[in-house]
Every structure is written in C-alpha cells, then in structure tokens.
Amino acid sequence: MIVARDKTGLREALREPRRAGRSVGLVPTMGSLHAGHLSLLRAAREDCDFVVMSLFVNPAQFGPGEDFKRYPRDEARDLRLAEAEGTDLLYAPSVAEVYPPGFATRVEVTGLTEVLCGDPAQRGPEHFQGVTTVVAKLFNSVQPDRAYFGQKDAQQAAVIGRMVADLDIPVRVEVRPTVREPDGLALSSRNAYLDAEERRRAAALNRALRLAEERARTEPLDAALTAAREELAEAGIEPEYLEARDAASLEPVHALDGRPVLVAVAAKVGPARLIDNVLIAP
Ligand code: AMP
C-alpha cells in the first residue's frame with residue numbers, strides 16, 4: 001500500500017493506474033476504522049481496480065463545541081487495517097495541506113443541509129458545508145470513478161449525491177448498508193466515548209427505529225414515531241430529533257405513501273452524540 005501525504009504524492013501514485021485505464025474507487029474516512037469502514041473498502045475492492053482510502057479528520061465539519069480535538073485517532077492501526085483490506089493507496093494529508101493559508105472557498109448544498117443534523121439547533125448547515133467542501137476537494141484530487149459512503153450517515157450521503165448531480169462531478173456515489181453490533185447499535189468511531197452502561201443504553205436507538213418501522217406498516221406514521229420515542233425514553237434517552245423524511249428530498253412525511261421513507265434519529269448518550277436511521281422501502 002502506498003501512503004501519500006500531499007497532492008503531489010497522490011498524483012504520482014495515481015498516474016500509473018490512470019494511464020493503464022484502471023477504475024479507481026475512493027473511500028473517504030476520518031480514520032479510527034471499524035467494520036463499517038472496512039465494508040466500504042471491501043465494496044470498493046470488489047468493484048474497482050484501484051482502491052484509495054482517504055484519512056482526514058476534517059476540522060471544518062466540527063462545530064466550536066464539538067469533539068475535533070478528542071476525536072479518536074490511531075493512524076498506525078488504520079494503516080494496518082486498510083492494507084489488510086487490499087487498499088492500494090492511503091491518502092492522509094495534514095490540515096495545512098487541505099486548507100493552506102488563504103483558503104477561502106466553501107461548497108454549499110442548500111435545503112438538504114438545513115434539516116435534521118443541519119438544523120441550527122443541532123450541528124447546523126456549517127457541518128455539511130465542511131463535509132461537501134472537503135469531499136469536493138477529494139473528488140477533484142483523486143478523480144475516482146466511484147466513491148463509497150455509509151447509509152449510517154444517510155443525510156451526508158443525500159447531500160453528497162445532490163452536490164455531485166448539481167456540479168456535474170463525474171463520480172458514481174455508492175451508498176452501502178450500515179454495519180451494526182449484534183445488539184443493533186450502528187458502528188461508529190464515537191462509540192468509543194461510551195462507558196459500559198451508556199453502551200448498553202445506546203442499543204435503544206436502533207431498537208426504537210426498528211419498532212417505528214414495524215409499527216408504521218400497520219399504524220399511522222406519527223403513532224409509530226411516538227412508540228419509538230417511548231422506547232428511547234425507557235432507556236433514559238431524549239432524542240435531539242426522531243423524524244420521518246422523504247429519503248431523497250428530506251422533506252417531512254406524515255404517511256408511507258409509496259416513496260422510500262427515512263426514519264432518522266440523533267441523540268446524546270452520555271458524552272457521545274450518536275445517529276442512526278432506518279430506510280422504509282415502499
Ligand atoms: P467517518 O470516518 O465517520 O467519517 O465515516 C466514513 C464513512 O464510513 C462514511 O461514509 C460513513 O457513512 C461510513 N460509516 C460510518 N459508520 C458506518 C457503519 N456503521 N456502517 C457503514 N458505514 C459506516
């Protein structure tokens with residue numbers, strides 16, 4: 001596995017595979033790899049000739065009171081895991097490489113970024129601006145044929161899909177299923193913040209979503225969401241939001257009316273802000 005730390009190294013490492021007409025798959029990550037990330041690397045390995053993983057804890061997507069400084073980092077371990085999955089190239093730039101002095105551009109998707117996690121009372125649209133700006137840069141510097149994202153961050157995937165369509169970026173966005181612990185908790189680097197009791201309670205997030213999905217098939221959607229909120233309350237969890245939205249436009253929905261519906265939740269469990277969702281197919 002080649003490790004590139006700057007755009008020059010990245011370009012050099014991509015020259016040969018590009019010249020040979022090999023397809024390139026990109027898996028953007030913030031490191032602290034878990035089985036969710038590895039499933040994306042495996043998908044890329046299966047579909048593409050040359051697999052690039054980026055590792056960059058992006059300060060621009062963390063708010064002032066958020067966990068940028070204490071976000072878990074273990075590059076040596078990430079390198080080993082990425083290599084074991086057959087990754088060809090790891091791109092791990094510094095903050096100064098991505099945001100050199102004078103950097104002044106923001107890529108902003110409107111609308112989709114202003115609800116759920118983008119609500120100003122939550123992380124705010126600036127969070128997604130940070131994401132789209134860095135992902136647009138990665139798309140430009142790697143020029144992948146396909147890029148892989150997890151369904152766990154459903155809103156992020158929708159926002160990136162919108163950006164790619166709107167800016168005519170020639171990449172195919174692949175969204176892959178959420179990988180979970182045996183009790184249903186979605187794998188997340190932030191699960192490392194949970195103590196044993198919080199970890200046990202955190203399983204209520206996915207339990208509540210599955211309950212909402214099951215109830216929504218026979219009851220009004222609002223009643224199903226109420227049942228899910230009760231499931232969370234029993235675990236002592238007060239969600240920041242638990243909402244049903246059109247899976248593509250993220251507009252609020254009040255009934256399952258033949259389109260895919262996303263039920264998404266965000267909640268603080270102890271020190272960790274966790275998110276999860278379930279996609280109810282029509
Ligand atoms: P992160 O390192 O948290 O920025 O995540 C990098 C990529 O991995 C994103 O596309 C996430 O959606 C994806 N991802 C994170 N957790 C999971 C999971 N449990 N299952 C599948 N994909 C995930």
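The structure displayed is predicted, hence computed values, not measured ones. In each ligand, atom 1 is the first atom listed, and ligand 1 is the first ligand listed.
- In this structure, Lys69 does not pair ionically with Asp67, as no charged nitrogen and carboxylate oxygen lie closer than 4.0 Å.
- Salt bridge annotation for Glu231-Arg229: absent, with no cationic side-chain nitrogen under 4.0 angstrom from a carboxylate oxygen.
- Without hydrogens or angle criteria, Glu240 side chain to Ala267 main chain gives no donor-acceptor distance under 3.5 Å.
- Side chain of Asp246 to main chain of Ser249: a donor-acceptor pair is present (N/O by atom type, distance under 3.5 Å, no hydrogens or angles).
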Using distance only, find each side-chain donor-acceptor pair of residues 96-111 under 3.5 Å and give its atom names and separation, not counting sequence neighbours.
| from | atom 1 | to | atom 2 | distance (Å) |
| --- | --- | --- | --- | --- |
| Glu97 | OE2 | Lys7 | N | 3.0 |
| Tyr99 | OH | Asn58 | OD1 | 2.5 |

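- Using a 4.0 Å heavy-atom criterion, the residues that approach ligand 1 are Pro28, Thr29, Met30, His34, Gly36, His37, Leu40, Tyr71, Phe149, Gly150, Lys152, Asp153, Gln156, Pro177, Thr178, Val179, Leu187.
- Across Gln151, Lys152, Glu243, Arg245, a single residue satisfies side chain to side chain donor-acceptor pair (under 3.5 Å) together with Asn277, and that is Gln151.
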